[in-house]
Amino acid sequence: MTGNDADADASAADATAATDDADVIEAAADCDTVDVAVDDLAEGVATITISRPDARNALDATVREEFSSVLAAVDDDDSVRVVVVTGDPEGKAFVAGADVGEFRDRDAIDQREVSERPRIYERVAELSKPVIARINGHALGGGCELAQACDVRIASTRAKLGQPEINLGIIPGGGGTQRLPRIVGTGQALRLILSGELIDAAEAAEIGLVDEVYEPDELDERVAELAGMMADKSLVALEFAKDAVRASGQLGLEDGIEYEAELFSQLFATADKDEGIAAFFEDRDPEWNDA
């Protein structure tokens, strides 16, 4: 390949990335409650911010619709390798739960329609790319369930988490009764769900509900560091790794090992496997093809 050919390929790649980013920015441009920033924390990282500061970033129908639209655009953008989900700091919360005002006049039939999947929780959990929850404030009810749907949860010391739905005469409805026991164990999940108790970030880390806790002025540095480390990896390997780990919660041990072995074998047909091995022996950084 000549230098001109290499420059042309690089220019084409840059143009494709710019087009993809434009699609993401365009998807967010029409949103009133969701903002997106690409490459701000680290190259290849998209930060999706839920922004309803007057309602402590609570989830209503508009947030759900706009969040889903932006998430779809991000998932289709190959220049985005990692997603960070957070709340508008002006709202002083990650997500303070669902908008309870929407519950007032709903009956069971209405709620079944609203609960049709995929909801934002499934969309986050099933995203092909790693998702980090940057829990910069309270994550309650649906906000706690949104965090649970993410792959990694990093919290500020100021955060509080919990499932207070029982106080309203209802139960978690965004996956909390299913994901929470898998994350913290049945006993801890029942304690939180049946009591409605809120816990601070330190206790959340002790029981495994969050993975790391940092002071507010250190939170961004750690999120950027971790997201950047992930974004440096092969996109196809990231997808397969996430898929394999997620399957562990759905399959028995033997079936899970079988599934892992199949995904592992499939990666041997990719250009990224060849590039990764070559870079290892040549003592250089790999240049991923994402194929």
Side-chain angles (χ1 to χ4, degrees), residues 28 31-42 45-60 62-64 66-67 70-71 74 80 82-99 120-121 123-125 127 129-164 174 176 179-180 183-184 192 197-231:
C31 296
D32 295 322
T33 64
V34 177
D35 297 321
V36 180
V38 179
D39 296 338
D40 275 16
L41 283 177
V45 178
T47 302
I48 303 178
T49 302
I50 295 173
S51 182
R52 283 188 74 207
D54 56 332
R56 301 191 70 202
N57 304 327
L59 303 173
D60 66 356
T62 301
V63 172
R64 289 181 169 89
E66 293 181 349
F67 187 88
V70 167
L71 206 62
V74 166
V80 173
V82 178
V83 177
V84 173
V85 176
T86 193
D88 188 329
E90 294 297 321
K92 298 181 179 179
F94 172 70
V95 172
D99 192 325
I120 60 173
Y121 315 103
R123 293 186 187 280
V124 167
L127 200 73
K129 301 167 183 180
V131 184
I132 299 172
R134 175 186 173 272
I135 307 173
N136 56 324
H138 286 21
L140 310 178
C144 190
E145 290 170 307
L146 181 61
Q148 291 165 37
C150 296
D151 301 309
V152 180
R153 289 165 289 280
I154 302 180
S156 162
T157 53
R158 294 178 180 172
K160 287 188 179 294
L161 300 93
Q163 301 289 168
R179 290 192 179 93
L180 190 57
I183 294 171
V184 304
L192 295 176
E197 180 182 11
L198 307 186
I199 59 175
D200 61 24
E203 183 176 354
E206 288 178 7
I207 66 174
L209 180 51
V210 301
D211 302 297
E212 298 179 1
V213 179
Y214 291 89
E215 294 294 334
D217 60 351
E218 299 174 340
L219 184 64
D220 277 345
E221 181 180 355
R222 176 52 181 158
V223 172
E225 178 186 38
L226 182 61
M229 289 173 64
M230 294 179 181

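The analysis underlying the following values was restricted to heavy atoms, covering all of them including side chains, and did not include hydrogens, waters or symmetry mates.
In this view, Glu90 satisfies the side chain to side chain donor-acceptor pair (under 3.5 Å) rule with no residue, not counting sequence neighbours. In this view, Ile154 and Ile132, Val152, Glu212, Tyr214, Leu219, Arg222, Val223, Leu226 satisfy the side-chain contact (heavy atoms from CB on, under 4.5 Å) rule, not counting sequence neighbours. Listed by chain and residue number, Arg52, Ala55 satisfy the side-chain contact (heavy atoms from CB on, under 4.5 Å) test with Ala58 (two or more places apart in sequence, or in another chain).
Considering SG of Cys144 and CD1 of Ile199, their distance stands at 7.5 Å, rounded to 0.5 Å. The line from CG of Leu59 to CD of Glu145 is 9.5 Å long, rounded to the nearest 0.5 Å. Separation of atoms CG (Leu71) and CG (Leu127) is listed at 5.0 Å; rounding is to 0.5 Å. Once rounded to the nearest 0.5 Å, the distance linking CG of Asp99 with CZ of Arg56 reads 13.0 Å. Here the straight-line distance linking atom CZ of Arg134 with atom OG of Ser156 works out to 8.5 Å at 0.5 Å rounding. Atom CD1 of Ile48 and atom OG1 of Thr86 lie 11.0 Å apart (nearest 0.5 Å).
The shortest heavy-atom contact between Val45 and Ala231 is CG2-CB, 4.1 Å. The nearest pair of heavy atoms linking Val210 to Ala155 is CG1-CB, 4.0 Å. Closest approach of Pro130 and Met230 over heavy atoms only: CB-SD, 3.8 Å. Residues Asp220 and Leu41 share a closest heavy-atom pair of O-CD2, 4.3 Å. In this structure, Asn57 and Val95 approach most closely via the heavy-atom pair O-CG1, 3.3 Å. Smallest separation of non-hydrogen atoms from Ala42 and Gly228: CB-CA, 3.8 Å.
Neither side chain, Thr49 nor Asp35, offers a donor N or O lying under 3.5 Å from an acceptor on the other.
With a 4.5 Å cut-off on side-chain heavy atoms, Val131 and Val85 count as touching. Using a 4.5 Å heavy-atom threshold, the side chains of Arg153 and Ile183 count as touching. Side-chain contact between Pro216 and Asn136 is absent, with no heavy atoms from C-beta onward closer than 4.5 Å. Phe67 is listed as a side-chain neighbour of Val124, based on a closest heavy-atom distance under 4.5 Å. Put simply, the side chain of Leu209 reaches to within 4.5 Å of the side chain of Leu180, judged on heavy atoms. Contact check for Tyr121 versus Arg64: side-chain heavy atoms found under the 4.5 Å cut-off.
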Item to complete: Quick one: do Leu192 and Ile207 satisfy side-chain contact (heavy atoms from CB on, under 4.5 Å)? Show the steps, please.
Response: CA-CA 11 Å; Leu192 295 176; Ile207 66 174; 4.1 Å; yes
